[in-house]
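Taking it in order: structure first as structure tokens, then the write-up.
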Amino acid sequence: MEVDDEIIKPKENEEDIRKPIVVILVGAPGSGKSTFCDHVMQVSTRPWVRVCQDTIGNGKAGTKAQCLAISSISLKDGKSILIDRCNLDKEQRADFIRLKESHQVDVHAVVLDLPAKLCISRSVKRTGHEGNLQGGKAAAVVNRMLQKKELPKLNEGLTRITFCQNENDVQEAINTYGALSSSDVLPSGIFGEKKTDTKVQLGIMKFLKRVDAPSKVSSDKAIPEPSNVAINENHHANECQEKSGTCTLGGVPTLAFPSISTADFQFNIEKASEIIVETVEEFVNKIGNGRLVLVDISHGSKILSLVKSKAAIKNIDPTKFFTFVGDITKLHSGGGLHCNVIANAANWRLKPGGGGVNAAIYDAAGPDLDIATKKRAGSLTPGKAITVPLPSTSPLFSEQGVTHVIHVLGPNMNPKRPNCLKDDYNIGCKVLREAYSSLFENFASIVRTQKKSSYYELSNCDQKVRREDGACVNEKNKKFKGSIEVSESNNLYSVDGKQNATSSGKKGGSLNKDWGSWAQALHKIAMHPEKHKNDVIEILDDVVVLNDIYPKAQKHLLVVARAEGLDWLANVSQEHLPILKTMHDVGVKWARTFLKENQSLVFRLGYHSAPSMRQLHLHVISQDFDSKHLKNKKHWNSFNSPFFRDSVNVIQEISEEGKPTLNDDEKFMSMELRCNRCRSAHPNIPRLKSHITICKLPFPANLLQNDRLLQNAPDKDANAC
DNA sequence: GTTCTAGAAC
DNA sequence: GTTCTAGAAC
């Protein structure tokens, strides 16, 4: 475990000396939790209390409530706590993490993620175990528990997570915690490389990249310099291991930035887009493995579209720079994009409020950002940027993984705002260029600092994936080549890299498609529905409705256009807007009918970018995906990747641009399997299916927008809970 | 679209 | 040995 675990010694007279901490041990029976506690307590000068559920009832097994009560009393007494119970899932840990609020302490997790075989053999062999888990039954219990293992993440509210995969890691963690005096604190973030003990899915591996987080002295004292820690990341990482759908380790350092000066400061968008692209081009190779992402909250954003096309012309590496539609304060939770650094279009006083991005970022970050900013500077000159490390107490840090905010001030062309340049674009362009240069330079500095001290270097295994046995496998040898990245306008993802040319950016493509003989069924039904009365459930002038004969969910209808020559979306143009609206309305009508019968259903309406069956058909499908016919990755991804084009978006695109976007690249079919609600990744279809039957988390924000999902209002509220 | 099946993965 | 994937055939 190559970690920078240097203990941070508080300065003399510093407040919060003797601040206790809570350390939650996470591990199966036999993983060595009790031994860990014993060793730490033996060597530490800090007062510790071991809270062991196996012995808390006068030496016998007790309850979680008892553990919490003892913890609470001990914390009040100024003692640090070692929670010695399995804590293998998020729910089990949650109550202990809540001690953070009630006692104003930091909560750490130490994950004893030792090989299952070792835990089992220890459990089977041991005698006199406090929890009476030993002998033959131990193996079954350990196995069952490990099946449900859900590794901790920072966004659960943890300040620091240490992963231990072997005895050396465990010893190192013991040394770290054992060496803590009463007043010492440890840096925050994730430590320790996680290795899998289950099958590694290549598609998932593509997402595994790294990112670093700032250190933290204590919950209310952010140290000024960024440091050396890796942050948990669930969606975008180059290298990490996957288990039970919980992907860990970091992603590439990524800066999300809004377009500077083009909103309230009324800077010309065309000129601004030119400057963005030119400055990006200049910096894109100076930011190491970092990425730059231009973010705008509005669909159909002109600045995004201008920048996108200009970047394409300049051939800027789309894996290093791309655009993203979404709320810059919710990129991780709302769009699955992890950006460890975000830029703020600040005002010159560096004050919260005022509207736009500045207000949104300060609102989302809470008072921590204002406090941290004020420590750095009181004002900002146009063209300059300043980095502010975000304390981990900020929700932007804990919920979105944002570790730094870079305030940047651009030129103002709005006479109603201070320092208006009165349309002097000679100066304006110069200042805007300086602003972006300064922003990117600040980001590059963060990347350099983190790279220098990162615990986990990719250099030896770059562009490779780590197999279970630890060997690095060149991904060029693998079939999965797409590097699916991030949300773009209508979808949760677009494909980065060269795939863009043939997928999300594609308009139409070849109109003719070779349809196999087996692909004609829908066409035949559409042309002669009266001959297929057993199949169709409604016949209208323009459409027929039928149940999909291989439904991929509890309810799965097809609304089929009856027009000859309208085989698929590529054949659709402005003149077909009425039929598309009719198809949509008929689909909505049927969805509402089903919703009356079963209020728990949620429906989504959309088209496959490259359907297998001839004749344009709209899928009306409930989002439970509870079906024996959903058997493979293609089935899942055809409804849960950008390949699936929401009807509302198709209609919008045709209205505005005359053609729909087709995300028909085969790469979408190879995407890793992610839950359509919580976006957790799963190694195979059976595991995914078992997960989606129990996952009740809300749907991602982008799906909840624009009426993409149809559901009953009460259910909508329930989902949001 | 599905079914079948070889062979990879576990 | 069993589970799972992915390509070929239809």
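Naming convention: chains lettered A, B, ... in sequence-line order (proteins, then strands); numbering from 1 in each chain.
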Can you say whether the rings of [X] and [Y] are parallel (under 30°), tilted (30 to 60°) or perpendicular (over 60°)?
{"X": "A/His556", "Y": "A/Phe639", "answer": "perpendicular"}
{"X": "A/Phe643", "Y": "A/His608", "answer": "tilted"}
{"X": "A/Trp590", "Y": "A/Phe594", "answer": "tilted"}
{"X": "A/Trp568", "Y": "A/Trp515", "answer": "perpendicular"}

Quiz prompt | Donor-acceptor side-chain pairing of A/Arg604 and A/Gln623 below 3.5 angstrom | solution = no

Rounded off to whole Å, could you give me the [atom1]-to-[atom2] distance for the [X] and [N] pair?
{"X": "A/Phe643", "N": "B/dG1", "atom1": "CZ", "atom2": "C1'", "value": "12 Å"}
{"X": "A/Lys628", "N": "B/dT3", "atom1": "NZ", "atom2": "P", "value": "9 Å"}
{"X": "A/His523", "N": "B/dG1", "atom1": "NE2", "atom2": "C1'", "value": "17 Å"}
{"X": "A/His629", "N": "B/dT2", "atom1": "NE2", "atom2": "C1'", "value": "10 Å"}
{"X": "A/Asn632", "N": "C/dA8", "atom1": "CG", "atom2": "P", "value": "15 Å"}
{"X": "A/Glu672", "N": "C/dC4", "atom1": "CD", "atom2": "P", "value": "19 Å"}
{"X": "A/Met669", "N": "C/dT5", "atom1": "CE", "atom2": "C1'", "value": "16 Å"}
{"X": "A/Asn684", "N": "C/dT3", "atom1": "CG", "atom2": "P", "value": "12 Å"}

Exercise. Just compare B/dT3, C/dT5, B/dG1 and give me whichever is closest to any side-chain atom of A/Lys631.
Key: B/dT3

Looking only at side-chain N and O atoms, does [X] come under 4.0 Å of OP1 or OP2 in [N]?
{"X": "A/Lys633", "N": "C/dG7", "value": "no"}
{"X": "A/Lys634", "N": "C/dG7", "value": "no"}
{"X": "A/His608", "N": "B/dG1", "value": "yes"}
{"X": "A/His635", "N": "B/dG1", "value": "no"}

Quiz item: Is any NZ, NE, NH1 or NH2 atom of the basic residue among A/Lys589 and A/Glu538 found under 4.0 Å from an Asp or Glu carboxylate oxygen of the other?
Solution: yes

Quiz item: Do A/Tyr550 and the base of B/dG1 stack face to face, with centres under 5.5 Å apart and an angle between planes under 30°?
Solution: no

Quiz item: Looking across every strand, which nucleic acid part, if any, lies under 4.0 Å from A/Ile685 by heavy atom: base, sugar-phosphate, or nothing?
Solution: sugar-phosphate

Quiz prompt | Residues within residues 526-540 of chain A bordering DNA chain B, heavy-atom distance below 4.0 Å | solution = none

Quiz item: Is the NZ or CZ atom of A/Arg645 positioned over A/Tyr607's six-membered ring, under 6.0 angstrom from the centre and within 45° of the axis?
Solution: no

